[in-house]
Amino acid sequence: MQDAKLTAKAHDDHGTVIALNDQITVGGDELLIVGGPCSVESLDQMEAIATQLGQHTIQALRGGVYKPRTSPYAFQGMGEAGLAILDRVRRRYHLPVITEVMAIHQIEAIAAHADVLQVGSRNMQNFDLLKALGEINQPVVLKRGLAATIQELVMAAEYIAAHGNPNIILCERGIRSFDNYTRNVLDLGAVVALKQLTHLPVIVDPSHAAGKRELVPSLARAAIAAGADGLMIECHPVPEESVSDARQALSLEDMAALVESLRPIATAVGRTLPEAIAPREPALV
Ligand code: PEP
Ligand code: MN
């Protein structure tokens with residue numbers, strides 16, 4: 001691959017393990033399952049997900065507070081109030097949180113309150129943003145652009161690495177096609193290719209690929225079978241009431257069932273899922 005000096009795989013066993021916090025990693029044998037709503041809506045919403053899914057079903061929480069919406073009139077995210085919610089849930093449940101950064105000026109506040117910064121599809125080639133994310137050390141989830149080639153995704157990751165941050169997690173989330181029955185086309189060939197081309201962890205977001213909740217579990221299982229290092233899936237305590245991406249959100253029960261259904265597939269491809277453990281008492285913060 002052209003010029004991928006830092007992200008290219010040097011040999012077959014070359015794989016980078018990235019720590020999300022002091023307990024959770026991605027890129028090793030254990031799969032990373034990230035769950036949460038499209039948008040952070042309230043403390044109650046995030047607490048419900050953390051108490052029902054945290055500690056056993058998911059290893060990290062997602063939730064957008066700065067939302068790149070197609071319409072300027074649609075909900076744009078809770079902003080700083082949402083960051084405070086993420087920070088509280090992350091401390092209380094010791095779950096790493098992932099949230100989207102849309103602009104350079106948001107980096108400092110997000111880095112202070114979240115564990116992982118997500119670059120959304122619409123910003124995959126915002127090169128100034130990528131350079132600025134190279135200046136921090138926290139992990140970055142880099143989502144594939146709406147119509148970006150595999151080469152363009154790798155070179156976007158290379159920007160972050162070249163500017164000093166090696167902690168990059170690639171995310172396949174579907175690409176545009178002529179067919180809008182599914183919101184996007186999940187490119188599992190890209191997952192296989194990215195694992196061969198780069199040493200970076202690759203996770204899959206079947207929610208934005210499918211756009212329809214009933215398609216998500218099968219795509220998630222296929223992604224693990226194809227060699228993905230983890231999944232990022234949208235779920236919500238009351239999916240139909242999600243303020244954004246309601247049609248693709250899973251209920252918390254369906255999310256838990258999906259993760260259980262991954263176990264035989266994980267075993268078949270030599271990966272593990274964390275064992276279900278009894279929920280802990282949340283920390284008093
Ligand atoms: C999201 O993760 O909520 C999101 C906006 O995803 P994408 O950038 O892949 O469209
Ligand atoms: Mn979404």
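We count ligands from 1, going down the list as the structure has it; atoms in each ligand are counted the same way. Note that the structure is predicted; figures quoted are calculated from it, not measured.
Judged purely by distance below 3.5 Å, without hydrogens or angles, the side chains of Asp245 and His236 never pair a donor atom with an acceptor atom. Glu47 and Tyr93 share a side-chain donor-acceptor pair at under 3.5 Å.
Side chain of Thr182 to main chain of Val185: no donor-acceptor pair is present (N/O by atom type, distance under 3.5 Å, no hydrogens or angles). Remark: the backbone N or O of Ile18 is not paired with any side-chain donor or acceptor of Asn167 at under 3.5 angstrom.
Protein heavy atom in closest approach to atom 2 (O) of ligand 1: Arg62 NH1, 2.7 Å. From the protein, the heavy atom lying nearest to atom 6 (O) of ligand 1 is Lys143 NZ, 3.0 Å. Among all non-hydrogen protein atoms, the one lying nearest atom 9 (O) of ligand 1 is Arg173 NE, 2.7 Å. Of the protein's heavy atoms, Ser121 N, 2.8 Å lies nearest to atom 8 (O) of ligand 1. Distance from atom 4 (C) of ligand 1 to its nearest protein heavy atom, with residue and atom name: His208 NE2, 3.4 Å. Protein heavy atom at the shortest distance from atom 5 (C) of ligand 1 is Glu100 OE1, 3.8 Å.
At a 4.0 Å cut-off, at least one heavy atom of Gln118 sits close enough to ligand 1 to count as contact. For Arg144, the heavy-atom gap to ligand 1 stays at 4.0 angstrom or more.
Excluding water, every protein N/O/S atom under 2.8 Å from the Mn ion (ligand 2) is given here by residue and atom: Cys38 SG, His208 NE2, Glu234 OE2, Asp245 OD2.
Applying the side-chain contact (heavy atoms from CB on, under 4.5 Å) test between Leu20 and each of Val26, Val141, Leu95 identifies Val26 as the sole match.
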Pair up each side-chain donor or acceptor in residues 96-110 with any protein partner under 3.5 Å, not counting sequence neighbours, and list the distances.
{"unit_1": "Thr99", "atom_1": "OG1", "unit_2": "Gly63", "atom_2": "O", "d": "2.6"}
{"unit_1": "Gln106", "atom_1": "OE1", "unit_2": "Met102", "atom_2": "N", "d": "2.7"}
{"unit_1": "Gln106", "atom_1": "OE1", "unit_2": "Ala103", "atom_2": "N", "d": "3.1"}

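Numbered from 1 in the order shown, with element, the atoms of ligand 1 that lie under 4.0 Å from a heavy atom of Gly120 read 8 (O). For ligand 1, the atoms closer than 4.0 angstrom to any heavy atom of Cys38 are 3 (O).
Residue-level proximity to ligand 1 for Lys67 is carried by the side chain, the only part with a heavy atom below 4.0 angstrom.
Residues Leu194 and Val269 share a hydrophobic cluster, clusters being chains of Ile/Leu/Val/Met/Phe/Trp/Tyr side chains in contact below 4.5 Å.
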